[in-house]
Every structure is written in structure tokens, then in C-alpha cells.
Amino acid sequence: MNNRNYLPLFLTISAFVIFQACSGGGPNGGPGNFNPDQQQATSVETISATTADISQQIKSFGNIRAQEIVNVTPQVSNRITQIHADLGDTVQPGEPLAKIYDVPFRDQFQQAKAQLEQSRSAYVRDSLEFQRQQELYQKEVISSTEYDNARASFQNSKAQWQASRANLTQSREDLYNTEIRSPVYGVILTRNVSAGDLATTGQAAFEIANLTGYQCRVYLPFEEWRNVKIGQPVNFRVSNYPEVTGQGRVSQISPRLDPATGLGEVVISLTEQGQNIYQGVLVQATINVETHQNAVVIPRSALVENVQTLIEPESNTIQLQRSYSAFVVQGDSMAMRKELTLGIEQGDRVEILEGLQPGDEIVITGQSSLDDSTKVRVAGQQDFQGPEEIPIENTGQQDTSSASN
């Protein structure tokens, strides 16, 4: 037989002998047997589970705006002669904003007054005449034709008198409208006309924000929109400012989602305005949906996530099932895995509904390398600090010393 045929068998036996030699030990508890007491402890950092208030929050961005913005449009057309208010001015109801050239409207008003006086005189005359003709007709002194003519003249004079009254009212209103006035108490946002411009009835001359209050409109996806209720408190924070700058409450909720975007509109009315709240400023609105008091709370960094992939045989779809756990240190030497039921999440804090008690020492650093019943050593924060930073100016000296060595 060729010696090459024995080569694989020789290599296998050699590897087995080498493995036995390396493992060593025997039935008397040598190095080859695993002893739990000799397990190397893993350094971990812990923190105590505490009780605190935690809130389910919805965050979105929107712009502060007035609850009502009124467009002031001239009611008559003519040249603007004066501007009484400008951008940013606070105006009262009825306060003049601009003046329109009023001479033609004043002449029309005077003419309407004269026409009313003429029609009133004719109405009085024809009324008296109709009364006399009615008495004569009852005495059969005049014919029915004469009576009908007197009644027609009276009715015609009455109609002309009523039309003159309406014409006078309209001319008086036109003359009054030559002063463009503010209909509300507010602040002028825009001014679209200047002295000498032609005021037209179809173009807004001023835009006024009603100062009855401010509001913010946010647009939320379905899962968040469905959890919003009227009256829920809201905190506002101006972008790039860490502190809360305003407070409000949910005042209106759209009953439907926008079919184009799939978002639902939520209107928030401000109840407390801070220094940095202005119209048009971008703010982050934080809606407090629900608050749990005295809940068991731990940092999110203490969670260990377990993801299982499940295949649905009927639909042949893949589903991900997530479960969470944390390691609790017992006796400062043993880490025990605890399965958790999560509640509200707020920022980097998580509410624990089941699995932990207040005061439990939970691992927040080093848990990725742990198993259930792993021996641990609780270390201080200094054990997890990075290497000491060397100033740039000292690196050259160290390089020189290393080279000389």
C-alpha cells in the first residue's frame, strides 16, 4: 500500500493528541474541567431603577400665527390721498387706516339728499290728493277712472320716495367708506397701498392680525393624530432655544386626514406667551398625551433588545417580533436577566410596567456581553473612561524622547 494513503489518518491522530495535550487535566479537577467559581467577572456599570413621572409626548413643528387674520378691502374706488397707519402699528376697531378722495362721494350724498326732499314733497302732495279723491269717489262725485288715476299717482310718489331714501343711505355709506377703517383690534401685518394709488374694491389694502390670541397649526400622521384630544396641554420651544417659551392647549382637531399627505391638522391655542413668541416664528410643539405618575423608570441604554424573525406560512410574509430585557445585579456579583414589559417612552427614559422594582440595580454599560447568571464586577465610571488625551504641544516631545530611547 502506498504511504500517501496513511497521511490523512496520521494528521487526524496527531491533531487529536495535540488537542489532548493542550487541554490537559484529568478526572481530578484539572484545568480541563469548567469550574463556575473560576469564571472571570465582567466589569459593568449600574444604576438604580427609580420612580418618576413620565409622559407620552407627540412632537411636531409649526409656525405661530394670529387666530384670525383680516383682509381690509376698500368698499369704494378712487385715489388714496392719505395713509394713517403703517406696518406693525396696533389699531383699534374703527380706527382710520387710509383716506380715499371723497369729493365725488360727497357730491353724490348732497344730490341724494335733494332728491329725497323732492320725492318726499311729491309723496305728501299725492297722498293728500289721493285722500280727497277717495272721499269724492265714496260720495259718487267723481268717476272710477279719476279715482284710479289719483291712486296710481300716490303709489308712484311713494315708490320714488322709498327709492330716494335707499339712494341716500347708499350715498351716505359710500361717503363713510372713503375712510378705510380697521374692523378689529390688531396689528397691521401688511400694507399694500400708498398715497396716490388707486383703491379698488377687489384688492386688499391692509392685512391685520387679530390680537385676541395666537395659535399654532401642526400636521400629524395617523398614529399620532388619533391620540390627540381637545384640552391636552402643550409646551412650545422656539427652534435653537433649549427652554420652554410658551404654553397652550389643543383647541381644534380636524375630523379627517388630508388625502394627499395623510396628515391630520391640529390647532393649538396659546395660553401663556413667552418673550420669544412672535408671529411667524418656528416652534416645536410638544403635546402631552398621557402622564403616568410614580412610574418605574430606567434609561433606554439599559434595554437589551431581542428581535425574532417569524414567517407566516399562509401569507408567506416575514414579521419581526421584538422583546426587551435588562440585567439586574444581585449581591454585587451576579447579573440576572429580567424580561420587561415597556410602557411610555419619553426621550431617553422608558417606563417599566413589569419586570423591575424601584431600587433594582440595572446594568447600563457592558450588558451586551452578558448572559443570564453571569458573574460581574460593578465598576465605577472611571473604569469606562477612554484613554487620557495628550495635548498637541506635548506630542512632539514624546516623539523626540521615543526616538532618543
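This chain uses plain numbering: 1 for the first residue, then up along the sequence.
- Checking R249 against T271 by side-chain atom types alone, no donor-acceptor pair falls below 3.5 Å.
- Side-chain atoms of T42 never come within 3.5 Å of backbone atoms of V376 as a donor-acceptor pair (strictly under, hydrogens ignored).
- Side-chain contact check for Q56 versus N227: some heavy-atom pair is nearer than 4.5 Å.
- The side-chain heavy atoms of L97 and I208, taken from C-beta on, include a pair separated by under 4.5 Å.
- A search for ring-ring contact (aromatic ring centres under 6.0 Å, His included) contacts involving F130 returns Y147, F154, not counting sequence neighbours.
- For Q279, the CD atom counts as densely surrounded, since its 6.0 Å shell holds more than 12 non-hydrogen atoms of other residues, nucleotides or ligands.
- Atom CD of E305 is surrounded by more than 12 heavy atoms from other residues, nucleotides or ligands within 6.0 Å.
- Once rounded to the nearest 0.5 Å, the distance linking CG of L257 with CD of E265 reads 11.5 Å.
- Between D197 and R79 there is no salt bridge, since no side-chain nitrogen of the basic residue lies less than 4.0 Å from a carboxylate oxygen of the acidic one.
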Test R132 against E129 for salt bridge (charged side-chain N to carboxylate O under 4.0 Å, His left out), laying out the working first. CA-CA 5 Å; R132 289 193 296 267; E129 181 64 21; 2.5 Å; yes
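- Remark: the Q75 side chain and the D174 side chain contain no N/O donor-acceptor pair separated by less than 3.5 Å.
- Side-chain polar atoms of R165 and Q162 form no donor-acceptor pair below 3.5 angstrom.
- A side-chain donor from one of N288 and Q57 sits under 3.5 Å from a side-chain acceptor of the other.
- Between the side chains of Q160 and S119, no donor-acceptor pair is found at a separation under 3.5 Å.
- In summary, of the residues considered (V363, I364, T365), a side-chain contact (heavy atoms from CB on, under 4.5 Å) with I47 occurs for I364 alone.
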